2 protein chains.
Amino acid sequence: MHNTDKLKRILHKENLRYTQQRQEVWDEICASDEHQDAEGIYNSLRKRQVNVSRATVYRTIDVLVKNNLVRRLNLDDGRSRFENKTGIEHHDHIVCLDCRKIIEFMDGTIEKMQTRIAKEQGFEIVRHVHQLFGRCLDEKCPNK
Amino acid sequence: MHNTDKLKRILHKENLRYTQQRQEVWDEICASDEHQDAEGIYNSLRKRQVNVSRATVYRTIDVLVKNNLVRRLNLDDGRSRFENKTGIEHHDHIVCLDCRKIIEFMDGTIEKMQTRIAKEQGFEIVRHVHQLFGRCLDEKCPNK
DNA sequence: TCCTCTATTGAGATTGAGTCTCAAAGAAGT
DNA sequence: ACTTCTTTGAGACTCAATCTCAATAGAGGA
């Protein structure tokens, strides 16, 4: 399904109108895989002459997150970052504390274990956060 | 080692002075296991007639966190929460989305697996965040 | 105990991400 | 094109956290 159709589908489901601004915000999130924050999305749009207000960027992101088109990441740096969640397998993140490089990982065994652990404690998991912070061994990383 | 000694040790190491305010903040964190936020710690102190400013609460917490006496938790609710980290085994958290109940869990196998995964990706882990958000089955939980 | 040198403190200003307000603009059905 | 109702944008506002700076108070030495 094309990105525009995904957007139209959730807007219809939520009884919201299809607007140019919402399309532009969603396009920007689809176009980048850099885990941009809201300000970054806003700046990227302005850079290519798209006039969308900050308020609309935030409001649109909320709709996209609520409807599972976008994932909100909290990487402990004081702002939310966003990634397109469609057509992508679930994964968690490893973050370099020096260069802020973000890479993705996924381990089915860990996923199953955490579900079991939660159940043993009387919880039904809705979502989880699993982030590994450390130092990468990349030559270009500033701490080398 | 007594709590006061732990505090004095890190203050000395950091070339900082031992003050009544720093002792009070540390005492409050030691006295409670409710994962209080900075405002909560500030209010608890005022309630028992201890005059410490908000700025001092924040500044003291930073020193305690930096020196591993306190752990900062980011539970996705827009503020940091704190727990005494001394004399306590490492653990992660399960949080009920309805009643915000927090319980702790720890699984050695998962810990080892995440270290291995990070190494495979060229990272040396410094710290990790592993949080399970869901719904508890507690009778008293508001969503029942 | 007093002095001196600095670090610390408190009150309030400031920051910054995110939210809210409300008049004007714009979807979408008729 | 008309009407209705939603959405938008600009800027005010919120709230956790940080910063500023004059006044206060540790801590070592005399």
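Below, chain A is the first sequence line, B the second, and so on; all start at residue 1. This one's a predicted model, so the numbers in the text were calculated from it and none came from an experiment.
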Toward the 5' end of DNA chain C, by each residue's nearest nucleotide, Val57(B) or Asn15(B): Asn15(B)
Short side-chain N/O contact from Ser80(B) to OP1 or OP2 of dA17(D), under 4.0 Å: yes
Separation of dA17(C) C1' from Asn74(A) CG (nearest whole Å): 12 Å
Summary of protein contacts for nucleotides 18-30 of chain D, nucleotide by nucleotide, where a base hit scores B, a sugar-phosphate-only hit scores S (4.0 Å, heavy atoms): BBB----BBS---
Note, Lys85(B) side chain near Leu69(B) side chain (heavy atom, < 4.5 Å): no
Value in whole Å for how far the P atom of dT6(D) lies from CD of Glu14(A): 14 Å
Pairwise side-chain contact, Phe82(A) with Val65(A), heavy-atom cut-off 4.5 Å (strictly under): yes
Thr56(A) vs dG9(D): side-chain N/O to OP1/OP2 distance below 4.0 Å: yes
Side chain to side chain, Arg48(B) and Glu24(B), heavy atoms closer than 4.5 Å: yes
Separation of Glu120(B) CD from Asp107(A) CG (nearest 0.5 Å): 9.0 Å
Between dG18(C) (C1') and Arg79(B) (CZ): distance, integer Å: 15 Å
Whether His130(B) and His130(A) hold their rings parallel, tilted or perpendicular, with breakpoints at 30° and 60°: parallel
Validation row: Arg71(A), Arg127(A) side chains within 4.5 angstrom (heavy atoms): no
Within-4.5 Å side-chain heavy-atom neighbours: Leu11(B) and Arg22(B): yes
Set of residues satisfying side chain to side chain donor-acceptor pair (under 3.5 Å) with respect to Asn74(A), sequence neighbours excluded: Asn74(B), Asp76(B)
Sugar-phosphate, base or nothing in reach of Asn51(A), heavy atoms under 4.0 Å: sugar-phosphate
Asn43(A) CG - dA17(C) P separation (whole Å): 11 Å
Within residues 26-39 of chain A: residues closer than 4.0 Å to DNA chain D (heavy atoms): none
Leu11(A) CG to dA28(C) C1', straight-line distance once rounded to whole Å: 14 Å
Length of the CD-P vector between Gln23(A) and dT8(D), whole Å: 12 Å
Between P of dT8(D) and CG of Leu45(A), the distance in whole Å: 13 Å
Donor + acceptor pair across side chains of Gln36(B), Glu83(B) (<3.5 Å): no
d(CD1, Ile61(A); C1', dA17(C)) in whole Å: 12 Å
